[in-house]
Amino acid sequence: MVVRPAFVLLALIAAAGCASQRHPQARPSASLVIPTPSPSPTGRPRLARPGAECGQVTTVTGGRATVQVVRGRTTCVEAMRVFEKYNDPDTPAEGTAGLVVIGHWTCGTKGTITTCTSKIATIRTHP
C-alpha cells in the first residue's frame, strides 16, 4: 500500500480542525410570554335607540348610505358591521332584491333602501 505524504497531511489537518472546534452550548430558552389584552377603552357597546343614525357605509354601487336603527335592540357597532358585510362585493346576494343572510340578520334591498331584520331588531340604510 502506497500512502502519499499529501494525503497524510490532509488527514492530520482535518483531525486537528475537528478536535479544536467546540460545540456550542444550548442557550437557555426564554419562556413564552402571552400578553394580556387591555380592556376596551369604550367598554361594552351601548344599545342604540330606534331612530338612531349610526354612521355611513359605501354601497356596492359606490354611493354613500346612512345606517339607521328602525326598531328593537341592537348596537350601532352591530348595525355598521352588518351593512359593511352586506355591501362587500364578495358577499353573494340572491335575486333582484339582493337577499343575504348575515349571521342572524336577513337583508334585502327595495329601491334605494336596504333593510335587515332579526328576531329582535330592524336596521336599514337610506341615501
Side-chain angles (χ1 to χ4, degrees):
M1 174 179 202
V2 177
V3 179
R4 298 190 182 206
F7 180 70
V8 172
L9 183 61
L10 285 175
L12 289 173
I13 291 172
C18 290
S20 67
Q21 288 184 353
R22 291 187 175 174
H23 294 286
Q25 294 181 359
R27 291 187 211 170
S29 62
S31 61
L32 178 63
V33 177
I34 300 174
T36 305
S38 59
S40 170
T42 58
R44 295 185 73 197
R46 290 193 281 180
L47 293 175
R49 295 174 185 251
E53 292 189 347
C54 299
Q56 290 196 328
V57 293
T58 302
T59 65
V60 175
T61 60
R64 300 292 289 167
T66 302
V67 175
Q68 181 181 36
V69 176
V70 177
R71 70 163 185 82
R73 299 171 43 120
T74 191
T75 65
C76 279
V77 171
E78 174 75 354
M80 294 295 291
R81 182 193 68 78
V82 169
F83 282 113
E84 285 169 1
K85 180 70 176 170
Y86 181 83
N87 288 297
D88 182 345
D90 293 333
T91 300
E94 297 289 329
T96 57
L99 295 176
V100 176
V101 174
I102 300 169
H104 58 273
W105 297 91
T106 302
C107 305
T109 300
K110 185 174 184 181
T112 59
I113 297 175
T114 300
T115 304
C116 296
T117 58
S118 72
K119 289 182 179 179
I120 59 171
T122 301
I123 53 179
R124 71 176 179 190
T125 61
H126 59 84

(request) Identify whether Val57 and Ile102 are in the same connected component of the hydrophobic contact network (ILVMFWY, side-chain heavy atoms under 4.5 Å). (result)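 The answer is yes; both residues are in one hydrophobic cluster.
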(request) Group every Ile, Leu, Val, Met, Phe, Trp and Tyr by side-chain heavy-atom contacts under 4.5 Å, then state whether Val77 and Trp105 land in the same group. (result)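 Result: no, two separate clusters.
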(request) Keeping to residues at least two apart or across chains, list the salt bridge (Lys or Arg N to Asp or Glu O under 4.0 Å) pairs with something in residues 79-102. (result)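 Sorted pair list: Glu78-Arg81.
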(request) Hey, could you give me each pair passing disulfide bond (SG atoms under 2.5 Å apart) that has a residue in residues 61-106? Not counting sequence neighbours. (result)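 Output for this query lists Cys54-Cys76.
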[atom1] of [X] to [atom2] of [Y]: how many Å apart, nearest 0.5 Å?
| X | Y | atom1 | atom2 | value |
| --- | --- | --- | --- | --- |
| Lys119 | Thr106 | NZ | OG1 | 10.5 Å |
| Ile123 | Gln68 | CD1 | CD | 11.0 Å |
| Thr125 | Glu53 | OG1 | CD | 11.5 Å |
| Arg73 | Arg49 | CZ | CZ | 12.0 Å |

Would you name the heavy atoms of [X] and [Y] that are closest together and state the gap between them?
| X | Y | result |
| --- | --- | --- |
| Thr66 | Gln56 | OG1-NE2, 3.4 Å |
| Val82 | Cys107 | CG1-SG, 3.9 Å |
| Ala65 | Thr59 | CB-CG2, 3.8 Å |
| Ala48 | Val69 | CB-CG2, 3.7 Å |
| Ser118 | Arg71 | O-NH2, 3.9 Å |

(message) Heavy-atom count check: over 12 atoms from other residues, nucleotides or ligands less than 6.0 Å from Arg64 CZ?
(response)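 Yes.
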What pairs of donor and acceptor atoms, side-chain ones from residues 109-116 against any protein atom, are under 3.5 angstrom apart with sequence neighbours left out?
| from | atom 1 | to | atom 2 | distance (Å) |
| --- | --- | --- | --- | --- |
| Thr109 | OG1 | Tyr86 | OH | 2.7 |
| Thr109 | OG1 | Thr114 | OG1 | 2.8 |

